Amino acid sequence: MTNKELIQKFYLEDGIRNVELLKTFLQDDIVLEWSSSDGLLLLQKEAILKIAEELQQNYNSSHIEITHLIEEGNEVVVKYNQKVTTIENPKELMFIARFIVIWEFKDGKLIKGYQISQPA
């Protein structure tokens, strides 16, 4: 499976909320640089897993719409929109954010990420 196919599988199988699946994608020494509405965050593996747990607890479901997926060398760029349903209102899909991420792979797993997000 190519790195591009791995990223597509990761997002489409809700890997950003599935801690066990996420663990299979991350190198132990991964670093994610995230430019968010809160400023620049530097996240290591445990912090990334904690965010996944929080997303799982706070939302009933998550839907990722990938708009761009580009692979070059050991890097994959993905642009996507995230929509969620809440526990209180599982029938209403809410658009929460837009993301662009550059993922770098090492030995078939994610080692570095550069992410920019914008609230919907």
Side-chain angles (χ1 to χ4, degrees):
M1 189 174 282
T2 67
N3 292 338
K4 181 178 175 179
E5 291 168 334
L6 285 171
I7 287 295
Q8 186 171 26
K9 174 184 170 80
F10 171 73
Y11 284 103
L12 296 181
E13 292 185 9
D14 206 16
I16 60 174
R17 293 186 335 127
N18 182 334
V19 175
E20 293 308 312
L21 179 61
L22 187 55
K23 286 179 184 177
T24 67
F25 278 87
L26 303 180
Q27 291 280 349
D28 288 337
D29 54 346
I30 186 169
V31 175
L32 174 61
E33 291 182 19
W34 183 359
S35 281
S36 73
S37 55
D38 291 334
L40 181 63
L41 306 171
L42 296 175
L43 305 172
Q44 295 178 331
K45 187 173 184 176
E46 289 307 313
I48 296 168
L49 295 174
K50 184 177 179 183
I51 290 172
E53 288 174 3
E54 290 173 3
L55 287 171
Q56 182 68 35
Q57 292 170 357
N58 292 328
Y59 298 111
N60 189 51
S61 67
S62 173
H63 303 276
I64 302 295
E65 298 172 346
I66 296 174
T67 61
H68 295 79
L69 191 59
I70 303 166
E71 179 175 18
E72 185 173 313
N74 67 336
E75 295 180 335
V76 175
V77 178
V78 59
K79 180 179 179 287
Y80 67 94
N81 300 318
Q82 184 175 14
K83 297 180 179 180
V84 296
T85 61
T86 62
I87 295 165
E88 298 82 13
N89 194 359
K91 293 183 181 180
E92 182 183 351
L93 200 58
M94 297 184 320
F95 180 29
I96 62 168
R98 293 176 176 87
F99 294 86
I100 296 176
V101 191
I102 302 169
W103 287 115
E104 186 177 324
F105 281 81
K106 178 182 173 188
D107 301 326
K109 291 188 174 188
L110 301 172
I111 186 70
K112 288 186 183 172
Y114 307 92
Q115 178 168 279
I116 298 172
S117 64
Q118 178 182 31

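Please read these numbers as outputs of a predicted model, since none were measured by experiment. Nothing fancy with the numbering, it's 1 onward along the sequence.
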Query - Single-linkage hydrophobic cluster I51~L26, side-chain heavy atoms < 4.5 angstrom - result: yes
So, for [X] and [Y], which heavy atoms are closest and what is the spacing to 0.1 Å?
X	Y	result
L21	T24	O-OG1, 2.6 Å
V78	Y11	CG1-CE1, 3.7 Å
F105	I111	C-CG2, 4.0 Å
W103	L110	CB-CD2, 3.7 Å

Query raised in the report: Under 3.5 Å, is there a donor-acceptor pair between the side chain of Q56 and the main chain of V19?
Result: no
From [X] [atom1] over to [Y] [atom2], what is the distance, rounded to the nearest 0.5 angstrom?
X	Y	atom1	atom2	answer
E46	K50	CD	NZ	10.5 Å
N18	K23	CG	NZ	10.0 Å
E104	I30	CD	CD1	10.0 Å
I116	I102	CD1	CD1	7.5 Å
Q8	L6	CD	CG	10.5 Å
I66	L12	CD1	CG	4.0 Å

Requested in this report: Decide yes or no on side-chain contact (heavy atoms from CB on, under 4.5 Å) for Y114 and I100, but give the supporting numbers first.
Outcome: CA-CA 8 Å; Y114 307 92; I100 296 176; over 6 Å; no
Query raised in the report: Testing L22, I64, L55 for side-chain contact (heavy atoms from CB on, under 4.5 Å) with R17, which one passes?
Result: L55
**Report entry** Candidate pair V77 and H68, rule side-chain contact (heavy atoms from CB on, under 4.5 Å), full reasoning
**Finding:** CA-CA 8 Å; V77 178; H68 295 79; over 6 Å; no
Report task. Measure the acute angle between the ring planes of W34 and F99, then classify it against the limits of 30° and 60° as parallel, tilted or perpendicular. Result -> tilted
Give every donor-acceptor pair under 3.5 Å between a side-chain atom in residues 35-45 and any protein atom, sequence neighbours left out.
from: S36; atom 1: OG; to: D38; atom 2: N; distance (Å): 3.0
from: S36; atom 1: OG; to: G39; atom 2: O; distance (Å): 3.2
from: K45; atom 1: NZ; to: D28; atom 2: OD1; distance (Å): 2.8

Requested in this report: Mind checking salt bridge (Lys or Arg N to Asp or Glu O under 4.0 Å) for K109 and listing every partner two or more places apart, or none if nothing turns up?
Outcome: none
Quiz: residues 82-98 side-chain donor-acceptor pairs under 3.5 angstrom, not counting sequence neighbours:
from: Q82; atom 1: NE2; to: S62; atom 2: OG; distance (Å): 2.9
from: K83; atom 1: NZ; to: E65; atom 2: OE2; distance (Å): 3.2
from: T85; atom 1: OG1; to: S61; atom 2: N; distance (Å): 3.2
from: T85; atom 1: OG1; to: S61; atom 2: OG; distance (Å): 2.6
from: T86; atom 1: OG1; to: N89; atom 2: N; distance (Å): 3.0
from: N89; atom 1: ND2; to: E92; atom 2: OE1; distance (Å): 2.7

